[in-house]
2 protein chains.
Amino acid sequence: MMECYRSDREEECMTSQDPGETGSLLLDDQLCFGLYSASRAITSLYRTLLEPLDLTYPQYLVMLVLWEHDAQQVKELGAALNLDSGTLSPLLKRLEKSGLVTRERQAEDERSVRIRLTDDGAALRAKAEEIPPHIGAAMGLDPAVLTGLRTTMDRLAASVNTYRESFPPA
Amino acid sequence: MMECYRSDREEECMTSQDPGETGSLLLDDQLCFGLYSASRAITSLYRTLLEPLDLTYPQYLVMLVLWEHDAQQVKELGAALNLDSGTLSPLLKRLEKSGLVTRERQAEDERSVRIRLTDDGAALRAKAEEIPPHIGAAMGLDPAVLTGLRTTMDRLAASVNTYRESFPPA
DNA sequence: CACAACTAAGTTGTGCACAATGAGATATGG
DNA sequence: CCATATCTCATTGTGCACAACTTAGTTGTG
């Protein structure tokens with residue numbers, strides 16, 4: 001896939017020779033597609049690493065948030081991860097069924113549900129400690145590049161979201 | 001949430017002052033999560049931009065591949081996009097139902113199915129030309145950074161995939 | 001107080017991703 | 001030749017994402 005693949009009838013390689021062109025249907029998606037591919041590759045690695053913990057990557061993200069700060073509302077988890085209740089509600093039910101969290105309606109505001117780690121959920125943190133080093137090793141980037149990349153990603157997401165929210169421009 | 005919250009047993013705030021530290025549960029995911037967020041933000045923008053074309057982002061990617069090179073096998077599309085038939089088969093059926101592609105079994109090898117653009121599918125390219133400029137504007141990165149980022153993403157995906165394929169290391 | 005506006009969470013429906021499995025076609029070795 | 005392995009695609013099942021909608025609770029106003 002990184003080389004130009006031949007179909008059975010023609011060779012139209014060499015399309016990538018137009019570096020200044022950011023508006024073509026060829027080049028446009030090379031960054032977006034690269035990002036999309038990299039994101040899927042990382043999720044795939046997490047799938048392998050998280051299999052012993054019986055967690056998916058989004059579930060692991062929720063656990064990370066809770067390990068940092070227990071007993072949050074669904075709304076707060078959503079704000080932390082940019083996920084809405086349509087994604088979180090079923091995910092949290094699965095975590096509850098796995099015995100890692102509890103879900104209880106708040107007495108003071110019956111609309112909201114507070115998510116708390118169970119003892120098992122809190123204990124799982126120890127096993128999770130083994131994961132970050134693998135991720136670091138897998139990415140194989142030196143810390144400076146890594147830090148810069150994180151900043152760039154944050155800015156990129158912010159910029160893209162701003163653009164989208166003010167769309168259409170008219 | 002953007003301030004440092006304490007866990008229930010240690011205070012590991014200020015970890016971002018430890019650039020060599022790639023192994024904590026706090027820091028690890030800041031890059032992976034940033035990537036995941038950026039990828040979703042971009043997909044979300046594509047959703048907005050692609051709505052008039054009645055395409056999803058993965059469908060658009062398939063169309064991009066076909067616009068570059070028509071009449072490919074499912075297997076070839078899969079190689080180009082790193083997607084398997086479990087994802088592509090239903091997606092291609094939806095594109096067929098939309099009238100953008102045709103799917104026909106090859107006579108010379110009854111196992112394979114060749115995907116071809118219809119006239120409508122080929123014509124849609126003109127409308128798609130309007131999309132890349134929006135993406136470029138939304139990302140707001142200068143071309144040099146953009147090119148570097150693309151290279152980094154490719155290397156990252158490759159590195160992560162290599163690591164995952166040779167896992168467990170034993 | 002009544003009632004509209006708002007909010008938090010859940011539900012429904014669509015469409016990826018991906019593992020696992022299966023069916024049918026083709027290639028290969030004995 | 002024929003048994004078996006391999007290949008290509010499709011199917012099934014699970015779990016995100018996300019839009020659109022619903023339900024129930026809360027708040028603000030006249």
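A, B, ... follow the sequence lines: proteins, then strands. Residue 1 opens every chain.
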Polar-atom pairs under 3.5 Å, protein N or O versus N or O of nucleotides 22-29 of chain C: list them with distances, or write none.
from   : atom 1 : to       : atom 2 : distance (Å)
C/dT26 : OP1    : B/Glu110 : N      : 3.2

Grab the [atom1]-[atom2] distance between [X] and [N] for me, whole Å please.
{"X": "A/Glu76", "N": "C/dA8", "atom1": "CD", "atom2": "P", "result": "10 Å"}
{"X": "B/Leu45", "N": "D/dC18", "atom1": "CG", "atom2": "P", "result": "13 Å"}
{"X": "A/Lys75", "N": "D/dT26", "atom1": "NZ", "atom2": "P", "result": "14 Å"}
{"X": "A/Glu104", "N": "C/dA8", "atom1": "CD", "atom2": "P", "result": "18 Å"}
{"X": "A/Gln72", "N": "C/dA9", "atom1": "CD", "atom2": "C1'", "result": "16 Å"}

Considering residues at least two apart in sequence or located in another chain, which fulfil the side-chain contact (heavy atoms from CB on, under 4.5 Å) criterion with [X]?
{"X": "B/Arg103", "result": "B/Leu92, B/Lys93, B/Glu96, B/Val113, B/Ile115"}
{"X": "A/Ser98", "result": "A/Leu100"}
{"X": "A/Lys127", "result": "A/Leu53, A/Leu124"}

According to the salt bridge (Lys or Arg N to Asp or Glu O under 4.0 Å) rule, which pairs have a member within residues 37-53 of chain B, sequence neighbours left out? none
Verify the distance criterion only: is there a donor paired with an acceptor across the side chains of A/Arg105 and A/Ser112 at less than 3.5 Å? no
For D/dG30, the nucleotide meeting Watson-Crick or G-U wobble distances (both under 3.5 Å) is C/dC1
Which residues share a salt bridge (charged side-chain N to carboxylate O under 4.0 Å, His left out) with [X], sequence neighbours left out:
{"X": "B/Asp84", "value": "none"}
{"X": "A/Asp109", "value": "A/Arg111"}
{"X": "A/Glu130", "value": "none"}

A correct 5'-to-3' footprint of nucleotides 10-18 of chain C, with B, S and - meaning base, sugar-phosphate only and no protein heavy atom under 4.0 Å, is BB---SSBB
